[in-house]
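Since the structure comes first, as structure tokens, the remarks are kept for the end.
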Amino acid sequence: MAGWLLKTEPTVYSYSDLEHDRHTVWDGVSNNLALKHIRQVRKGDLALVYHTGEEKAVVGIAEVASAAYPDPKLNDPKLLVFDLRPKRRLDRAVSLAEVKANDQLKDFELVRMARLSVMPVGDAVWKILMKMAGEKER
DNA sequence: GCCAACGTTGGC
DNA sequence: GCCAACGTTGGC
């Protein structure tokens, strides 16, 4: 597992907002499978930030800045959040259309499970995405 | 604005 | 505990 992919609706919270804030709490996730993934995030993990809605593209890389912990604003130990810091924007955004068009990414959760908001990104997938983004390495 | 895919709820 | 009905999300 190379990292994570986090979906966000840019009109609600975009990568620019993250850059502006320098540090945010990634909250609002209630889907069970997504929460299961959050339970596994570790400080220092890298995460791709994907914009849904109008954009539908992976736009940047962020770094997980804490382990998962229950949302302090809520009273439910199951609803986990974690801290996130921006790392850098991708040289070029990788659109969902491109991801779908790539045969090697057929099994990527982003394609298979449209509604999943937090998903692991395997090493192979990560590399392919980086290449598509015009990045040399992580 | 529609529909597919998935999660949740509630009746049995 | 099963499953149908319903709600929500996100892509088109």
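Just so it is clear, the model here is predicted, and its values are computed rather than measured.
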Residues at least two apart in sequence or cross-chain that pass salt bridge (charged side-chain N to carboxylate O under 4.0 Å, His left out) with A:Glu109, listed by chain then number, are none

Rounded distance (Å) that lies between atom P of B:dT8 and atom CG of A:Leu33: 10 Å

Atom-pair distance (CE on A:Met119; P on C:dT9), nearest Å: 15 Å

Is it the case that the side chains of A:Glu19 and A:Ser16 hold a donor-acceptor pair, with the cut-off being a distance below 3.5 Å and no angle test? no

To the nearest 10°, let me know how far the axis at one end of the helix from B:dG1-C:dC12 to B:dC12-C:dG1 is tilted from the axis at the other, five pairs an end. 10°

Would you tell me if any nitrogen or oxygen in the side chain of A:Asn31 comes within less than 4.0 Å of OP1 or OP2 on C:dT8? no

Give the minimum heavy-atom separation between A:Arg22 and A:Pro86, together with the two atoms involved. O-CD, 3.3 Å

How would you list all residue pairs meeting salt bridge (charged side-chain N to carboxylate O under 4.0 Å, His left out) that involve residues 46-70 of chain A, not counting sequence neighbours? A:Glu63-A:Lys87

When rounded to whole Å, the CG to C1' distance for the pair A:Leu35 and B:dG7 reads 12 Å

Results of salt bridge (charged side-chain N to carboxylate O under 4.0 Å, His left out) for A:Arg112 - residues two or more places apart only: none

No-hydrogen, no-angle side-chain donor-acceptor test under 3.5 Å, A:Tyr13 and A:Asp21: yes

Side-chain donor-acceptor distances from residues 64-71 of chain A under 3.5 Å, at least two apart:
residue, atom, partner, partner atom, Å
A:Ser66, OG, A:Asp83, N, 2.9
A:Tyr69, OH, A:Asp83, OD1, 2.5
A:Asp71, OD1, A:Lys73, N, 2.9

Show me the protein contacts with nucleotides 10-12 of chain C, counting only N or O atoms at under 3.5 Å.
residue, atom, partner, partner atom, Å
C:dG11, OP1, A:Tyr50, OH, 3.2
C:dC12, OP1, A:Lys100, NZ, 2.8

Option from A:Arg89, A:Arg88, A:Arg92 for which salt bridge (charged side-chain N to carboxylate O under 4.0 Å, His left out) with A:Glu135 holds: A:Arg88

